[in-house]
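Counting starts at 1 for both ligands and their atoms, in listed order.
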Amino acid sequence: MKMHNFNAGPSVLPREVIEQTAKAVLDFEGHGLSILEISHRAKYFQPVVDEAEALFKELLDIPEGYSVLFLGGGASLQFCMVPYNFLVNKAAYLNTGVWSKKAIKEAQAFGEVNVVASSAETTFNYIPKGFVVPEDVDYFHYTANNTIYGTEIRETPNVGNVRLISDMSSDIFSHPVDVAKYDCIYGGAQKNLAPAGVTFVIVKNDALGKAKEAGRHIPTMLDYQTHVDGGSMFNTPPVLPIYTALQTLRWIKAQGGVTEMARRAKERADLLYSAIDSSKIFRPTILDEADRSYMNICFVMKDEYKELEADFLKFATDHGMVGVKGHRSVGGFRASCYNALPLESVQALVDCMKEFENK
Ligand SMILES: *Cc1c(COP(=O)(O)O)cnc(C)c1O
């Protein structure tokens, strides 16, 4: 049976990326050794990091003066590294879900945190609008795509001259980003880029150093400057996930870059949301179309059909749909439709929903 991978993360990767990785595990580019057993300092590994960094810059059109880092620790470690490096006095955060809340909690240990708006009272089913970000904050932080609730901020928020920091774990490379407006963009790579184990950080070089000037001691490994200076090689980086990330970046470029990824994302999302909106038994959880994520599409059964949820899950699973169970905090269903998910998989899910509805 053909499997359709709607996992939220780790998640679907392009087949050719997995095949390239498998080859490198057996014999890394003809050097006679597996990528699992070479030194990260081998002269033939450095080009992998260099090309991955160069492709990040090319595909996202990153201006001069930024570094791209490949680190360990997941996006969750960035919740702490961001305020460690950037929060001197005050920061503003938008609370749009579990990941925002975790970022806020870490920041509170470093200074004053102004939560400018929150959609917590309605289980984060919309993106707050019209909030005011004070001008005197060190930065404004937001989660670009709320993987669990299925809301997304695709357009860079307009917050005047305040520098932006964003967690783009689950929508990086799915649409163009105006990187020049940000001091830092970070994410775990396991949603749209690579297997678990590598975290990307795009950081503006001259935004660094203010916390240290203000007297803060930053532990070496948590100091972005360490990794900027060391070219992501201060210590052993996650070699295999970086290699796979490079293959994905090459794949994105060959497919036509982020504009093409954005076109496909919208095509997938339009297909699935219209099936949900027109269904007799399913309904969407995010009502405002502008707030709907293209990456994680959430839906539930209408109240009068609630008792059919487990039946549908079994039906979908029997038809090869993987990972469509919603996050435990929301319930229902979630179809994660990352870059590598073919439109056929979304069509298969839509067909499966219609078949179930007709039964
Ligand atoms: C998955 C996810 C995280 C957590 O990433 P880890 O790499 O597991 O720490 C953080 N933020 C967002 C938006 C996510 O989707």
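Between the side chains of Ser67 and Asn205, at least one donor-acceptor pair of N or O atoms lies under 3.5 Å. Inspection of the Asn145 and Asn296 side chains reveals an N or O donor paired with an N or O acceptor under 3.5 Å. Checked by atom type, the side-chain pair Arg264/Gln255 shows a donor-acceptor distance below 3.5 Å.
Look at Lys90 and Asp136 and you find a salt bridge, because one of the NZ, NE, NH1 or NH2 atoms lies within 4.0 Å of a carboxylate O, short of that distance.
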Between ligand 1 and the protein, which N/O pairs are shorter than 3.5 Å?
unit_1   : atom_1 : unit_2 : atom_2 : d
ligand 1 : 7 (O)  : Ala75  : N      : 3.0
ligand 1 : 7 (O)  : Gln190 : NE2    : 2.9
ligand 1 : 8 (O)  : Gln190 : NE2    : 3.3
ligand 1 : 9 (O)  : Ala75  : N      : 3.2
ligand 1 : 9 (O)  : Ser76  : N      : 2.8
ligand 1 : 9 (O)  : Ser76  : OG     : 2.6
ligand 1 : 11 (N) : Asp167 : OD2    : 2.6
ligand 1 : 15 (O) : Thr147 : OG1    : 2.4
ligand 1 : 15 (O) : Lys191 : NZ     : 2.6

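For Phe70 and Phe56, the ring centers are positioned less than 6.0 Å apart. Ring centroid separation for the pair Phe45 and His40 does not come in under the 6.0 Å cut-off.
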